[in-house]
Number of protein chains: 2
Amino acid sequence: MARAPTTTDAFNAVAEPRRRQILDILIGGERSVTDLVDLLGLAQPQVSKHLRVLREVGLVDARDDGRQRLYRLNGHALKPIHDWVTKYEQTWSERFEQLDAVLEELKNEEE
Amino acid sequence: MARAPTTTDAFNAVAEPRRRQILDILIGGERSVTDLVDLLGLAQPQVSKHLRVLREVGLVDARDDGRQRLYRLNGHALKPIHDWVTKYEQTWSERFEQLDAVLEELKNEEE
DNA sequence: CGATCATATGCCCATATGGGAATACGTTCA
DNA sequence: TGAACGTATTCCCATATGGGCATATGATCG
């Protein structure tokens, strides 16, 4: 079997840095393809292809406006990633490290 | 250009579900390769290959213990993903939706 | 040492990638 | 209607994937 297609899920779609860039831009609101092309400095066809991937996994929605097509973020599709990665937060978070330190201190005081 | 190698960064490494599974298991603590093989129901070589990818991007560390090799989670390598995806949290979080509702209400009362 | 256990590496293959370039499609405007 | 604009699709190609399988490497034990 080969690597799973980029359109398999949000994890795969978002592994590509350009697609993350696109989403980052869309945080600011709806954008046309040309806007994205200008902001990304990529060729138009590649941008359209990335948008297709993002649309297939539900990360963006589109609506037509004259001859333009406006793309809009659908952040909800990122929730699975957020949920998954958040389980690991305590692994690195300073807050948790400080908590550990405090608990250790309390333990020592007991003795 | 082809798709970026899985060893490029955590985003790419973690796009593969088996590798996420491995990390999920390692939350519980160190595991030998054989442990992982049993828990995953995968062939040993594939597990070793997945572990290599995870090690190359710093998501796991290993230490030798006799003829076993024990793998351990390094959650810190997930921080970039967490940081990135957290920017989007307000897009879907119910808390934020409720906040929006409250703000709307306040605004109406003002009038 | 030889045997066995634990892990890693190598090879094969079908599959999809992302960019480049050309072009097709759809809409607006003169 | 024809031209120009905005977007999507198609074809080409080098590259890497992940699984299956065989085998190499490393460590322990009798």
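Keep in mind it's a predicted model, so treat the numbers as computed, not measured. Below, read A as the first sequence line, B as the second, and so on, with proteins coming before strands; counting in each chain starts at 1.
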* Is it the case that N74(A) and Y88(B) place a side-chain donor and acceptor less than 3.5 Å from each other? -> no
* Donor-acceptor pair between R18(A) and H50(A) side chains, under 3.5 angstrom -> no
* To do: Determine the minimum heavy-atom distance between V53(B) and A13(B), stating which atoms define it.
  => CG1-CB, 4.0 Å
* Asked: So does Q46(A) reach the base of dG20(C) with its side chain, donor to acceptor, closer than 3.5 Å?
  -> yes
* E56(B) bridged to R52(B) by N-O distance under 4.0 Å -> yes
* Give a yes or no on whether a salt bridge exists between E89(A) and K79(B), defined as a side-chain N under 4.0 angstrom from a carboxylate O. => no
How long is the line joining [atom1] of [X] and [atom2] of [N], in whole Å?
{"X": "R18(B)", "N": "dT17(D)", "atom1": "CZ", "atom2": "C1'", "answer": "15 Å"}
{"X": "L51(B)", "N": "dT7(C)", "atom1": "CG", "atom2": "C1'", "answer": "10 Å"}
{"X": "R69(B)", "N": "dG26(D)", "atom1": "CZ", "atom2": "C1'", "answer": "9 Å"}
{"X": "I22(B)", "N": "dG19(D)", "atom1": "CD1", "atom2": "C1'", "answer": "14 Å"}
{"X": "R63(B)", "N": "dA27(D)", "atom1": "CZ", "atom2": "P", "answer": "15 Å"}
{"X": "L40(B)", "N": "dG19(D)", "atom1": "CG", "atom2": "C1'", "answer": "14 Å"}
{"X": "H50(A)", "N": "dT7(D)", "atom1": "NE2", "atom2": "C1'", "answer": "15 Å"}
{"X": "L42(A)", "N": "dG19(C)", "atom1": "CG", "atom2": "C1'", "answer": "9 Å"}

Closest nucleotide among [options] to the [X] side chain:
{"X": "A2(B)", "options": "dG19(D), dT17(C), dA8(C)", "value": "dT17(C)"}
{"X": "T34(B)", "options": "dA21(C), dT7(D), dA6(C)", "value": "dA6(C)"}
{"X": "Q68(B)", "options": "dG20(C), dG18(D), dA6(C)", "value": "dA6(C)"}
{"X": "R3(A)", "options": "dT17(D), dA8(D), dG6(D)", "value": "dT17(D)"}
{"X": "K49(A)", "options": "dG19(C), dT7(D), dG18(D)", "value": "dG19(C)"}

* **Row check, Y71(A) ring normal vs R55(A) NZ/CZ: under 6.0 Å, within 45°** => no
* Asked: Reading nucleotides 23-30 of chain C 5' to 3', which nucleotides get B (base under 4.0 Å from a protein heavy atom), which S (sugar-phosphate only), which -?
  -> ----BSS-
* Check every strand shown and say whether R19(A) touches a base, only sugar-phosphate, or nothing at a heavy-atom separation below 4.0 Å. => sugar-phosphate
* Let me see the working for L26(A) and I22(A) under side-chain contact (heavy atoms from CB on, under 4.5 Å), right down to the final yes or no. => CA-CA 6 Å; L26(A) 293 181; I22(A) 291 177; 4.1 Å; yes
